[in-house]
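Note that ligands are numbered from 1 as they come in the structure, with each ligand's atoms numbered from 1 the same way.
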Amino acid sequence: MTRPVNIKGPNPRPGVLDISPYVPGPDGVDGERAAYKLSANESALGCSPRAIEAFRAAGSELHVYPDGSAAALRDAIARVHGLDPRRIVCGAGSDEILQLIARAYLGPGDAMVQTAHGFLVYELAATACGARTIKAPERRFTADVDAILECIDESTRIVFLANPNNPTGTFLPDSEIRRLRESLADDVLLVVDCAYAEYMDAPEYGDPSRLVDDFGAIAGNVVVTRTFSKIYGLGGLRLGWGYCPTNVADVLNRIRGPFNISAPAIAAGVAAMEDQEFVERNRAHNSVERARLQQRIGGLGLDFVPSVANFILVRFADEGERTAAAADAFLASRGIMVRRVGAYGLPDFLRVSIGSTDANDAFLGALDEFVAT
Ligand SMILES: Cc1ncc(COP(=O)(O)O)c(C=O)c1O
């Protein structure tokens with residue numbers, strides 16, 4: 001229900017004032033930057049030096065508008081992923097693509113379905129459009145296709161599914177996503193948000209882009225979203241993309257800003273996409289460190305949700321002194337910022353990004369100390 005608005009001046013559309021603004025992972029306390037930021041699932045190894053070089057070179061031409069179609073970037077993405085560049089839509093972060101999809105397909109009276117601990121932005125985007133959000137229960141912190149299907153009714157227009165999911169770090173195999181798609185009505189759009197896909201090493205994950213083509217390349221109902229913010233290490237640049245059927249790409253291109261990606265972002269994105277060696281290095285680092293962190297966290301007697309991504313959800317006691325709030329404060333006192341996830345319905349957990357070896361060592365040292373107190 002939209003809250004009554006009784007202030008003077010223009011009123012926003014229904015739903016807007018129901019939104020609690022997104023709170024990003026903190027980078028410090030009281031304006032002081034912490035030594036280690038493990039709160040935003042950023043890249044542990046920075047970004048490709050080639051991306052920085054391309055960004056700097058583009059800086060000498062800032063008076064020129066970018067190519068509004070971002071053709072060079074779409075071509076680079078298409079080459080690396082084996083896709084049709086005409087069906088790639090780029091955005092200022094995958095966030096913009098998610099927002100555009102909501103704006104295009106949701107309105108008052110419509111419903112969007114997501115999972116209980118799904119990424120927060122879906123609900124914010126749906127609410128801003130005046131649509132309802134229905135949350136399907138998860139099983140063992142993992143999306144459950146049958147539970148999602150139970151939430152669908154005639155008002156459902158979109159299912160948003162993060163695969164892998166943030167903040168749980170779990171995933172559904174390709175076969176389950178296909179089962180979900182096959183059980184949905186044709187006019188329900190399935191959006192598979194693959195922000196963390198590159199960190200996956202389970203073969204049953206498959207290639208998410210194939211879903212788009214297999215369920216209708218011309219008049220289809222699956223969109224896959226991807227980002228440069230995670231393994232590519234370009235969160236500050238704001239760059240993401242969606243792979244769409246022709247009908248959806250056409251809709252998103254009508255409503256996006258005509259120059260939504262800046263010229264330096266296009267240039268850096270092309271260079272980053274072409275540096276797959278960097279991506280591989282980052283993936284290898286993450287796999288090794290993720291295994292090490294999970295082993296050490298488990299060794300301390302703490303529960304965690306086994307992760308396929310670049311973060312781990314760790315459980316702290318829900319009473320007594322070793323609560324998530326106490327752990328968060330202790331880690332912050334040692335210069336380590338992690339993410340509280342109460343807003344995701346997980347008040348007893350902290351989400352810890354997998355960082356550089358140094359950052360992870362600092363986190364493990366502080367965690368040892370906290371558990372020993
Ligand atoms: C699941 C998921 N999707 C999308 C995003 C948005 O990322 P960006 O807008 O930086 O591409 C994030 C960021 O944390 C995420 O965790």
Side-chain angles (χ1 to χ4, degrees), residues 21-27 37-44 47 51 70 73 77 88-103 112 114-126 135 138 141-143 158-172 177 190-200 205 208 223-243 252 256-257 260-262 265 268-269 272-273 279 286 305 307-313 337-341 343-344 346 349 351-355:
Y22 183 84
V23 180
D27 62 1
K37 183 182 176 200
L38 299 177
S39 61
N41 301 342
E42 291 157 341
S43 158
C47 70
L73 180 58
I77 295 168
I88 295 170
V89 180
C90 297
S94 52
D95 197 33
E96 187 187 10
I97 305 295
L98 300 170
Q99 304 279 354
L100 289 174
I101 291 170
R103 242 173 72 204
M112 176 280 281
Q114 64 160 88
T115 63
H117 308 303
F119 185 47
L120 275 180
V121 161
Y122 312 146
E123 184 171 6
L124 301 188
K135 294 190 180 172
E138 298 179 9
F141 301 101
T142 307
I158 298 183
V159 175
F160 276 117
L161 182 71
N163 201 37
N165 186 48
N166 170 23
T168 52
T170 57
F171 79 105
L172 282 185
I177 307 277
L190 174 62
V191 181
V192 189
D193 171 353
C194 299
Y196 301 94
E198 294 86 354
Y199 292 105
M200 290 288 315
Y205 182 66
V223 173
V224 163
T225 59
R226 308 285 293 253
T227 185
F228 282 85
S229 300
K230 305 303 174 183
I231 210 161
Y232 287 89
L234 295 172
L237 194 65
R238 309 310 299 131
L239 201 52
W241 52 282
Y243 189 51
L252 301 186
R256 71 175 173 82
N260 60 332
I261 311 297
S262 72
M273 187 51 62
V279 172
N286 191 69
V305 181
S307 173
V308 296
N310 70 334
F311 53 86
I312 304 168
L313 192 59
M337 305 314 295
V338 299
R339 184 77 142 104
R340 299 288 304 275
V341 281
Y344 287 89
L346 296 164
F349 291 79
R351 191 198 67 194
V352 185
S353 305
I354 293 159

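- Taking the ring centre of Y22 as origin, the terminal cationic atom of R339 falls inside the region bounded by 6.0 Å and 45° from the ring axis.
- Here the straight-line distance linking atom OH of Y199 with atom CG of N310 works out to 4.0 Å at 0.5 Å rounding.
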Donor-acceptor contacts, no H, no angles, side chain residues 228-238, under 3.5 Å, sequence neighbours left out:
| unit_1 | atom_1 | unit_2 | atom_2 | d |
| --- | --- | --- | --- | --- |
| S229 | OG | T227 | OG1 | 3.0 |
| S229 | OG | R238 | NH1 | 3.4 |
| K230 | NZ | A40 | O | 3.2 |
| K230 | NZ | Y196 | OH | 3.4 |
| Y232 | OH | Q276 | NE2 | 3.0 |
| R238 | NH1 | G235 | O | 3.2 |

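- Residues meeting the salt bridge (Lys or Arg N to Asp or Glu O under 4.0 Å) test with E96, sequence neighbours left out: none.
- Contact annotation for F228 and ligand 1: no heavy atom of the residue comes within less than 4.0 Å of the ligand.
- Close contacts of ligand 1 with T227, meaning ligand atoms under 4.0 Å from a residue heavy atom, involve 8 (P), 10 (O), 11 (O).
- Distances below 4.0 Å separate heavy atoms of R238 from the following atoms of ligand 1: 8 (P), 9 (O), 10 (O).
- To the nearest 0.5 Å, atom CG of residue D193 and atom CG of residue N166 are 8.5 Å apart.
- Residue contacts with ligand 1, taken as heavy atom pairs separated by less than 4.0 Å, involve A195 solely via side-chain atoms from C-beta onward.
- Heavy atoms of N41 come nearer than 4.0 angstrom to ligand 1 in no pair at all.
- In this structure, I158 CD1 and I101 CD1 are separated by 6.5 Å, a value rounded to the nearest 0.5 Å.
- The protein atom (non-hydrogen) at minimum distance from atom 7 (O) of ligand 1 is S94 OG, 3.5 Å.
- The distance from the OH atom of Y205 to the CG atom of N163 is 5.0 Å, given to the nearest 0.5 Å.
- Both the backbone and the side chain of D95 come within 4.0 Å of ligand 1, judged by heavy-atom distances.
- Atom-to-atom distance recorded for F141:CZ and L313:CG is 6.5 Å, nearest 0.5 angstrom.
- Remark: ligand 1 and Y22 share no N or O pair separated by less than 3.5 Å (distance only, no angle test).
- Of all atoms in ligand 1, numbered sequentially from 1 with element shown, those under 4.0 Å from a heavy atom of K230 are 13 (C), 14 (O).
- Of the protein's non-hydrogen atoms, the one nearest atom 1 (C) of ligand 1 is D193 OD2, 3.4 Å.
- In terms of N/O distances under 3.5 Å, ligand 1 is approached by N166.
- The closest side-chain donor-acceptor pair between N41 and S353 falls under 3.5 angstrom.
- Those atoms of ligand 1 that come under 4.0 Å of a heavy atom in S229, given as number and element, are 8 (P), 10 (O), 11 (O).
- Distance from atom 12 (C) of ligand 1 to its nearest protein heavy atom, with residue and atom name: F119 CZ, 3.3 Å.
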